[in-house]
Amino acid sequence: MNESILKIYEKLYNLYGPQGWWPLIDLESENLNKSGATHGYHPLNYELPETEKQKYEIILGSILTQNTAWTSAEKALLNLKKITNFNPEKILSLDDEVLKKAVRPAGFLNQKSTYIRGITKFFSSLEGTTPSRNEILKVKGVGNETADSILLYAYKKPEFVVDTYTRRIFSNLSLVDEKISYMELKKLFENNLPLSVPIYQEYHALLVEHAKRYYRKKPYDDILKI
DNA sequence: AACCAGGACGTGA
DNA sequence: TCACGTCATGGT
């Protein structure tokens, strides 16, 4: 009944193309993807992540990017890779001040360093198994969006990710009320899309890309000049 | 120089 | 439940 959900997806996909989320720093040579990229985004490769280390990198990124520009979260990720190579045990063994210093460029260093310790213990306890949504939500620092991001991008589970951009775009188009709850908006997408991990992954990424261009609260000057 | 960024938590009504 | 203050650094 909400054909607009799928039509908007097709329109955005035709506009921007495959987005290749979630970006990975840790793309080693054995994981060379179809696009030929060796780091960052990997359009049309839906096999990633292929290793536990890559899953863990996505989980770290999902915490670090909370209410934070990805460019800032990525700096913190690079710091963590440099000093731990995304080894969970090394993260846990870090001195607290060292961890905070690495997290600093992503902001909220006190909270995020604590959250990273918590979710690292949780990740290690999984021993390679896939957690349920409710299990991830019990981890302090993991709310609805972070849980869905982890499930969709790290574990390839069909959980649609809603963020502030999603709500902003669709309420601006008068397709939903701006006060719609996270779960309601999530179900609206899931009820009107094929049960497809690649489509869920691309749709969320496309909405972020589109919102960055046209739905900033305060548009950048260079965009306004276009 | 304010304003915002790929949110989550604790509190009080 | 739900609104509101708080957390923090970096880009514009």
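Protein chains get the first letters and strands the later ones, always in sequence-line order, with residue 1 at the start of each.
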Report yes or no: is the ring centroid of A:W70 under 5.5 Å from the six-membered base ring centroid of B:dA5, with the two planes under 30 degrees?
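According to the criterion (under 5.5 Å, under 30°), no, A:W70 does not stack.
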
Would you say the base of B:dG7 stacks on A:Y182 (centre-to-centre below 5.5 Å, plane angle below 30°)?
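According to the criterion (under 5.5 Å, under 30°), no, A:Y182 does not stack.
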
Give [X] one of three labels, base, sugar-phosphate or nothing, depending on what nucleic acid heavy atoms sit under 4.0 Å from its own.
X: A:V142; result: sugar-phosphate
X: A:K140; result: sugar-phosphate
X: A:S149; result: nothing
X: A:E145; result: sugar-phosphate
X: A:G143; result: sugar-phosphate
X: A:F108; result: base

Gap between atoms [atom1] and [atom2], on [X] and [N] respectively (whole Å):
X: A:Q19; N: B:dG6; atom1: CD; atom2: C1'; value: 13 Å
X: A:H204; N: B:dG7; atom1: NE2; atom2: C1'; value: 12 Å
X: A:I116; N: C:dA8; atom1: CD1; atom2: P; value: 13 Å
X: A:K100; N: C:dA8; atom1: NZ; atom2: P; value: 8 Å
X: A:E209; N: B:dA5; atom1: CD; atom2: C1'; value: 15 Å
X: A:K75; N: B:dA5; atom1: NZ; atom2: P; value: 17 Å
X: A:Q66; N: B:dG7; atom1: CD; atom2: C1'; value: 5 Å
X: A:I63; N: B:dC9; atom1: CD1; atom2: P; value: 9 Å

Between [options], which nucleotide has the shortest distance from any of its atoms to the side chain of [X]?
X: A:P105; options: B:dA5, B:dA8, C:dG10; result: C:dG10
X: A:Y165; options: B:dG6, C:dG11, B:dG7; result: B:dG6
X: A:L109; options: B:dA8, C:dT9, C:dG10; result: C:dT9
X: A:P23; options: B:dG6, B:dC9, C:dG10; result: B:dG6

Considering heavy-atom distances to DNA chain B, does A:G141 or A:W22 have its closest nucleotide positioned more toward the 5' end?
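That would be A:W22.
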
Rounded C1' spacing from B:dG6 to C:dG5 in Å
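One C1' to the other, the span is 22 Å.
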
Mind checking the C1' distance from C:dA8 to B:dA2? Whole angstroms is fine.
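The answer is 16 Å between these two C1' atoms.
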
Could A:R117 and A:D96 be called an ion pair, given the rule that one side-chain N must be under 4.0 Å from one carboxylate O?
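Result for this pair is yes, salt bridge flagged.
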
Does [X] put a side-chain nitrogen or oxygen below 4.0 Å from OP1 or OP2 of [N]?
X: A:T164; N: B:dA5; result: no
X: A:N67; N: B:dC4; result: no
X: A:R167; N: B:dG7; result: no

For A:T71 and for A:T68, locate the closest nucleotide of DNA chain C by heavy-atom distance; then report the residue assigned to the nucleotide nearer the 5' terminus.
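First, find each residue's nearest nucleotide; the 5'-ward one identifies A:T68.
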
For A:I91, run the side-chain contact (heavy atoms from CB on, under 4.5 Å) check against A:I119, A:N85, A:L80, A:I83 and tell me which one passes.
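That would be A:L80.
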
Taking A:D148 as the fixed residue, which of A:Y153, A:Y200, A:Y182 is the one that meets the side chain to side chain donor-acceptor pair (under 3.5 Å) rule?
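With A:D148 as partner, side chain to side chain donor-acceptor pair (under 3.5 Å) holds for just one option, A:Y182.
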
Look only at the side chain of A:S72 and the backbone of A:T68, and say whether a donor-acceptor pair between them is shorter than 3.5 Å.
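Pair absent, no side-chain N/O of A:S72 close to backbone of A:T68.
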
Are the aromatic ring centres of A:W21 and A:W70 under 6.0 angstrom apart?
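No - the distance between ring centres of A:W21 and A:W70 does not fall below the 6.0 Å cut-off.
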
Parallel, tilted or perpendicular for A:Y215 and A:H210, by the 30°/60° rule?
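Ring orientation of A:Y215 relative to A:H210: tilted.
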
Taking only N/O atoms, report every protein-nucleotides 2-5 of chain C pair under 3.5 Å with atom names and distance.
none

After noting the C-alpha distance and the side-chain angles of A:D163 and A:T166, does the key distance pass the side-chain hydrogen bond (donor to acceptor under 3.5 Å, both in side chains) rule?
CA-CA 5 Å; A:D163 68 344; A:T166 311; 2.6 Å; yes

Would you find more than 12 non-hydrogen atoms of other residues, nucleotides or ligands less than 6.0 Å from A:K101 atom NZ?
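No, the 6.0 Å shell around NZ holds no more than 12 heavy atoms from other groups.
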
Just wondering, are more than 12 heavy atoms of other shown residues or ligands nearer than 6.0 Å to NZ in A:K100?
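More than 12 within 6.0 Å, yes.
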
